[in-house]
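Let me begin by presenting the structure, written as structure tokens, before commenting on it.
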Amino acid sequence: MPLNEKRWDKAFEEPLYKGWRNKYPFDEKTTLPIYSIDTPPPYVNSPIHIGHAVTYAMMDFFARFKRMTGHHVLFPLGLDRNGLPIEMAAEKKFNMGANEVPRKKFVQMCNQVLEESSEESIDSFAKLGISFSSWSFGTKLGDAYYTDSDTYRALTQATFIDLWNKGLVYEEKRLNNFCPGCQTTIADSEIERKEKDAFFNHVKVRVKETGEDVVIATTRPELLSTNAILIFNPTDKRYRHLDGKTAITPIYGHEVPIVADREAAKDFGTGIAYMSASAGDQDAVRFLRKRNIKAVQSVGEDGKMLPITGSLEGLTTKQARAKIIELLKEQGLLVKQEKIRHSVPICERSKHEIEFIAMKEYYLKQVEFKNTIKKLSKATPFYAPHSKQILNDWIDSVTMDWAISRRRVYATEIPLWYCKACSTSIVPPPGKYYRPWAEDPPVKACPKCKGKEFEPEMRVFDTWFDSSVSPLYILHYTDKPTFFKKAYPVSLRPQGKEIVRTWLFYSLLRCYQLTDQLPFDGVWINYHILDENGKKMSKSVGNVIDPHDIIKQYGAEVFRLWIATEGNITEGDLRCSSERIAGAGKFLTKLWNIARFISMFPDPPTKKPALLDIDTWILTELDKRIAEANKEFLNYNFHQPIMSLREFMWNIFADHYIELVKSRAYNKEGTFSKKEQEAALYTLNHVLDTALTAFAPVLPFITAKIMKDRCGKDVHEEPFPKQGTTQSTLSTVLLTTLDSVIWQAKKQAGKSLRTPVTIKELPQEIKPIEADFRAAHSIEGEIRYKKMKPEDVVISLSH
RNA sequence: GGGCCGGUCGUCCAGUGGUCAGGACGCCACCCUUACACGGUGGAUGUCAGCGGUUCGAAUCCGCUCCGGCCCACCA
């Protein structure tokens, strides 16, 4: 059946993607090998950005390819709805703090925000033609899921209970990263750094034994009350004589030791520094742990100074800093204030400066698993391989266990109660979703002291504690153990490089702790989409490209083709410009017209006819590309094979083969036999069908439409083409050069390409295809064949 | 300070030892040749960041340097 429309139109996409919405459900009873993708649930609160669009489209390449190679694909859609961003959105919307309203009310407020923002983001995915297993939210295998659903939270809690019972969780009071903005402890991985202006305050300190003054430099003078030690570098001659002496803390008069320590930098500040037991930064935290100095809190959980700081009590750290500077000035102890720029730790979400406060938190053991995770990392293939380094670097830098408890509201509750009488922890049985703050404990009396009064745990989990069990969630770890056993590990974990230290690391840790196995068969790491100038896209800069607009303007298919042709996102960042996306679309028109041309001829014979040499030649060329696609698609490399197929279709198949066999396909003058004509028709159709099938994972729309309109078949039900066995000896370079030489000769003479020519001698390789060649170039007269280069062919124009 | 990625025509990217270094977009010229002017044919444009080394031969391998981007560790 001939194609009617003159060119590909993005309007063709809508009925197609609508038709795919329920086309690829997951059947747990499948006998096919299972291929599962642990999709990264995007956060609902913000619309899908271009990076999501690109990476999800690529996951769709993988899913469609795997289906065509005989796999049953689990490709779930998930949305992440836990955590701070939702709380912050709710606080903003209702202009109320989370702590100002009853918990129940605040959870309702969060739910309302979620209600309003959830569905919109899915729309872009649908338009992109993503073949998710399901688009409806539910609890069946393959269903779309929310990370805050009761089922998901029940799984998170069940895994906590398991780890608790295995003795991998403990509670301890330690200096922790505390974000005054979020009012909660946060993990090291949630800390960013920011350059800030500050004053380096040079302060005199009296040495007790010698009576001399040394000058220390500090950016945090408000922590002087908890001064624990003065340090200088052992190689520093200026201070060597002070080793083992005693310093008297200014203002407070406490006596502290002076010691030599390698961590003191000779050339920084004055070379001698004080270390506060309340820790001014992460480095100090580590130092205190090393020297076994007991942490003393000087800043309260509300960010205000505690009584230990004397006259600073009740002030914020900022006010306290100003006040103590005044006090030091009054006493003549402030030598000078030097303006410096230094980096301070800030919370990656609220951007507040981190305070280090001693609080009791739950920890999950991870330090003792470092070597194990290193091994898991080693055993897991990464695409691209060099991305593994990001993970290994992070593993090496882990020095403390993971603080998993958070003092927030909209997240999975820690499922614990405590006996009021004897403080025994009450752990419920796994399998249900528990909200201790709203429910009674699972026991009537404390198993230890028979007490009947209980205190609920109010804290929640770090959201990565939820996300890190996504492989277990999508394969139904707890409720379908038989299926889980068959399908685990997940086939592929695709994710961004920026969450290697969180999502990937924690997933490996937790899934291993729970299952004693590698969670993934492979990890695919994507880099980022930058704007056309190579800058990171951000709302404040205003260089954000919305995938919605791209799809609206160019269509999803153009966008998908651009993704495959622009470069390789597993190798490095890619730049995105709408001009280049538009340029990619030209090939769709070309492909459409190739198909339209071929579709205008009568149907080819169903049985393969005897082919002419030139037919075998094009099949051989096609085979090379099919072989490459089969090999590279397996390694998640779509860029090269698609470029190569595109080049083949345009510059070899259309430009040379089609031009050369056109006359035979029409056979208007009866120059060719019916069999020969059929051979051309067969080859034209066969190449087209094969190429369309090979393009189908990347270009699902146009290939489906062409296939359907021409012969009623669904290209996505076809098996991926296998490499054929055709062997042709005809040289592609020779043939294309020769075409070119003749076209050029006609052009230079200002003649039409149909102008008859006489060519007395041609390279001998052309002899087997003489009839096609003669017809294509309108060659008249006798031709002799000999060994020669195509460039040396003499063309004489007949008229 | 450590790590990763990159530095190839005006622009964006391929190319990981072997003939004149490819493509796309853009540019120039000619052509509406009955699938396609979102096309065709042809053309211009590059000391492949720099220096040194390995090799018969290097954009490609090794070393150093410089320049971008990102991550980590950082300085009281």
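Here is how names work: the chains are called A, B, and so on, in the same order as the sequence lines, proteins then strands, and each is numbered from 1. Because the structure is predicted, anything quoted here is derived from the model rather than measured.
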Nucleotide nearest Phe597(A) when distance is taken to its side chain, options C38(B), C12(B), A35(B) = A35(B)

Could you state the CG-P distance from Asp655(A) to C36(B), rounded to the nearest angstrom?
-> 15 Å

Could you state the interatomic distance from CG (Leu688(A)) to CD1 (Ile594(A)), rounded to the nearest 0.5 Å?
-> 8.0 Å

Quick one: which of A76(B), A35(B), C38(B) gets closest to the side chain of Arg7(A)?
-> C38(B)

d(Leu391(A) CG, Phe505(A) CZ) to nearest 0.5 Å is 7.5 Å

Using the benzene-type ring in the case of Trp, are the ring centres of Trp592(A) and Phe12(A) under 6.0 Å apart?
-> yes

Residues from residues 658-667 of chain A sitting under 4.0 Å of RNA chain B, heavy atoms only?
-> Ile658(A), Glu659(A), Lys662(A), Tyr666(A)

Does the distance from a Lys or Arg side-chain N to an Asp or Glu carboxylate O, for Lys624(A) and Glu621(A), drop under 4.0 Å?
-> yes

Could you walk me through whether Asp739(A) and Leu660(A) pass the side chain to side chain contact (heavy atoms under 4.5 Å, CB included) test, one step at a time?
-> CA-CA 9 Å; Asp739(A) 281 338; Leu660(A) 286 167; 3.8 Å; yes

Looking at every strand, decide which applies to Gly567(A) at a 4.0 Å heavy-atom threshold: base, sugar-phosphate, or nothing.
-> sugar-phosphate

Watson-Crick and G-U pairing of RNA chain B written in dot-bracket, each distance under 3.5 angstrom, with | for inter-strand partners = ((((((((.[[[[.)..(...]]]].(((((.......))))).....[[[[[..)....]]]]])))))))....

With nearest nucleotides of RNA chain B determined for Gly271(A) and Ile594(A) from heavy-atom distances, which residue corresponds to the more 5′ nucleotide?
-> Ile594(A)

Give Asp396(A) one of three labels, base, sugar-phosphate or nothing, depending on what nucleic acid heavy atoms sit under 4.0 Å from its own.
-> nothing

Counting N and O atoms only, with roles assigned by atom type, does the side chain of Gln366(A) sit under 3.5 Å from a partner on the main chain of Lys370(A), one being a donor and the other an acceptor?
-> no

Within the structure, does a side-chain N or O atom of Lys586(A) lie under 4.0 Å from either OP1 or OP2 of G26(B)?
-> yes

Trp562(A) side chain near C25(B) phosphate (N/O to OP1/OP2, under 4.0 Å) = no

Identify, with sequence neighbours excluded, every residue that meets salt bridge (Lys or Arg N to Asp or Glu O under 4.0 Å) alongside Lys10(A).
-> none

Of all pairs that satisfy salt bridge (charged side-chain N to carboxylate O under 4.0 Å, His left out), the ones with a partner from residues 647-664 of chain A, not counting sequence neighbours = Asp615(A)-Arg664(A), Arg625(A)-Glu647(A), Glu659(A)-Lys662(A), Arg664(A)-Asp772(A)

Protein-nucleotides 4-10 of chain B N/O pairs closer than 3.5 Å?
unit_1	atom_1	unit_2	atom_2	d
C5(B)	O2'	Glu571(A)	O	3.0

C71(B) phosphate, OP1 or OP2: any side-chain N/O from Arg501(A) under 4.0 angstrom?
-> no

Strictly under 6.0 Å, is that where the ring centroids of His656(A) and Trp743(A) end up?
-> yes

Is Ser740(A) near enough to U41(B) that one of its side-chain N or O atoms lies under 4.0 angstrom from OP1 or OP2?
-> no

For G42(B), take OP1 and OP2 only and decide whether either is under 4.0 Å from a side-chain N or O of Lys746(A).
-> no

Is a side-chain N or O of Glu557(A) found less than 3.5 angstrom from the main chain of Ile702(A), in a donor-acceptor match?
-> yes

Separation between the C1' atoms of C27(B) and C9(B), rounded to whole Å | 12 Å

For atom P, what is the distance between C4(B) and U11(B), given to the nearest Å?
-> 28 Å

If you look at every strand shown and take non-hydrogen atoms under 4.0 Å, does Gln640(A) touch a base, only sugar-phosphate, or nothing?
-> sugar-phosphate

First of Trp743(A) and Ile598(A) reached from the 5' end of RNA chain B, by closest nucleotide = Ile598(A)

The contact string for nucleotides 18-23 of chain B, one letter per nucleotide 5' to 3', using protein heavy atoms under 4.0 Å with B, S and - for base, sugar-phosphate only and none, comes out as ------

Roughly how far apart are Met275(A) CE and Ile216(A) CD1, rounded to 0.5 Å?
-> 11.0 Å

